[in-house]
Amino acid sequence: NDTFYTTTIRRLTSVPDSDYDPIVVIRLMHFLLGADFRPSADILMAVYVVTFVAGLLAFIGLRTNLSLFVFALGNLYMTGYWYSLLPIHHPEALMTIALFSLALSPSGKALSLDALWRRHQISFKGIRDEISNAIHETSSFARWPLLLMMWLLSVMYLDAALSKLGRGGGGIEWLNGYTLQYVLLEDGLAKNSELGVLLGQQHTLALWLSWITMIFEGTFFTTLIFPVLALIYIPLGIGLHAGMCVTGIACFWQYLALYLVFLPAFAIWIPKLLSLPRRLVTANKRTSDKGDIRGRRAAAPPVGGAGSG
């Protein structure tokens, strides 16, 4: 039985050569094979299988960095070939950068088969302790891929907001609700999305969504300054992207996957916020105790009594 990928590959390779216009990255990869080289379906399937296996090896942490590099390279090739035949879109760009940044980071230094192999002297009984210790391992090079993707996401969203406000995006009129209504109706009809068509007829809802989207995209960078804001922006972003997909506008699932770079902020701030009431109660009790002590001291008679001396 044909899978989705074999069907897609056969469909792509059936496109006439006259419609095949390799983008720059594909021309560079085909440099030694000639400018006119076009891979067959068998070659593309082999690339897909190698990429898939490399992704599995990277996931379990076996030869992590090498596996990640092969996985990133395979994804770049398959995406590049896809866009040599179809109109270019932007969602895959950030994911490709993320994969290569992970390949250059110490990704396999903690929870991976590579890490366990480096500690092969331990017994099976000690594996649990080793995993526990690995969770707390640190590296000065471990954070830069996360920060890179946070910055790129922020720049991407800010660029999207500015593009909407520019002449090509409709300018300030993008916020009147009617522009989003038009987009919902157009994409809903083109993609047979009944929900998109239904929402496209609700002007008040479209007005609110226009402002929420603009504020979200234009201020997402504040998560870099105040990481605690990720607890607000990430759930909101998930909701916005899921809504865009179900209404037929666009599905940017890559961005939802990249939101994982904000997990450290959740791990740090959720426990702090959950413990805030308890800490406030403790602080109020200490303040109250100090007030009682001062009150008792003020009410106490002088040492020696009033008639001493």
Side-chain angles (χ1 to χ4, degrees), residues 1-109 111-117 141 144-146 148-149 152-153 156 191 241 245 250-261:
N1 294 331
D2 286 347
T3 64
F4 168 79
Y5 294 101
T6 56
T7 303
T8 301
I9 287 174
R10 288 178 180 176
R11 182 166 59 89
L12 290 176
T13 53
S14 65
V15 175
D17 290 340
S18 57
D19 294 332
Y20 175 63
D21 183 19
I23 62 177
V24 174
V25 67
I26 295 298
R27 292 180 184 273
L28 291 174
M29 290 182 170
H30 291 170
F31 178 74
L32 298 178
L33 301 174
D36 297 329
F37 176 77
R38 182 181 177 183
S40 63
D42 292 336
I43 293 177
L44 289 176
M45 196 63 205
V47 172
Y48 167 74
V49 171
V50 171
T51 304
F52 183 79
V53 172
L56 289 179
L57 295 178
F59 181 75
I60 63 176
L62 183 60
R63 294 290 185 266
T64 311
N65 292 94
L66 177 60
S67 298
L68 278 170
F69 182 78
V70 173
F71 184 62
L73 197 63
N75 272 279
L76 177 63
Y77 184 83
M78 296 297 290
T79 303
Y81 183 81
W82 178 279
Y83 286 137
S84 296
L85 296 165
L86 301 171
I88 295 178
H89 296 285
H90 55 279
E92 291 79 9
L94 288 184
M95 180 58 73
T96 301
I97 296 173
L99 292 176
F100 277 105
S101 65
L102 285 176
L104 297 175
S105 70
S107 299
K109 298 298 183 181
L111 294 176
S112 67
L113 292 180
D114 291 341
L116 291 177
W117 179 258
F141 301 102
W144 75 264
L146 304 182
L148 174 64
M149 296 318 302
L152 290 179
L153 280 169
M156 181 271 300
K191 300 176 182 179
H241 283 295
C245 188
C251 293
F252 297 150
W253 299 116
Q254 297 90 338
Y255 295 166
L256 299 186
L258 292 176
Y259 280 171
L260 291 174
V261 300

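- Distance check, rounded to the nearest 0.5 Å: CG of L44 to CE of M78 gives 5.5 Å.
- The backbone N or O of L102 sits less than 3.5 Å from a side-chain atom of S107, completing a donor-acceptor pair.
- One finds the CG atom of L260 at 10.0 Å from the CG atom of L146 (value rounded to the nearest 0.5 Å).
- Heavy-atom contacts from other residues, nucleotides or ligands closer than 6.0 Å to CZ of F69 number 12 or fewer.
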Using distance only, find each side-chain donor-acceptor pair of residues 19-27 under 3.5 Å and give its atom names and separation, not counting sequence neighbours.
from : atom 1 : to  : atom 2 : distance (Å)
D21  : OD1    : R27 : NH2    : 3.4
R27  : NE     : P22 : O      : 3.0

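- Judged by distance alone, the side chain of T13 and the main-chain N or O of R10 form a donor-acceptor pair under 3.5 Å.
- Residue pairs meeting the salt bridge (charged side-chain N to carboxylate O under 4.0 Å, His left out) criterion with at least one partner in residues 30-56, sequence neighbours excluded, are D17-R38.
- Side-chain contact between T51 and Y48 is absent, with no heavy atoms from C-beta onward closer than 4.5 Å.
- In this structure, F52 and F71 have side chains that are not in contact, with every pair of non-hydrogen atoms separated by 4.5 Å or more.
- Using a 4.5 Å heavy-atom threshold, the side chains of Y83 and E92 count as touching.
- Residue pairs meeting the side chain to side chain donor-acceptor pair (under 3.5 Å) criterion with at least one member in residues 64-78, sequence neighbours excluded: H30-Y77, T64-D114.
- In this view, W144 and S101, L104, S105, F141, L148 satisfy the side chain to side chain contact (heavy atoms under 4.5 Å, CB included) rule, not counting sequence neighbours.
- Residues satisfying the ring pair (Phe, Tyr, Trp, His ring centres under 6.0 Å) test with F252, not counting sequence neighbours, are H90, Y255.
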Verdict with supporting geometry, Y81 and V47, side chain to side chain contact (heavy atoms under 4.5 Å, CB included) = CA-CA 11 Å; Y81 183 81; V47 172; over 6 Å; no

Donor-acceptor pairs under 3.5 Å, side chain of residues 56-63 to any protein atom, not counting sequence neighbours: which ones?
none

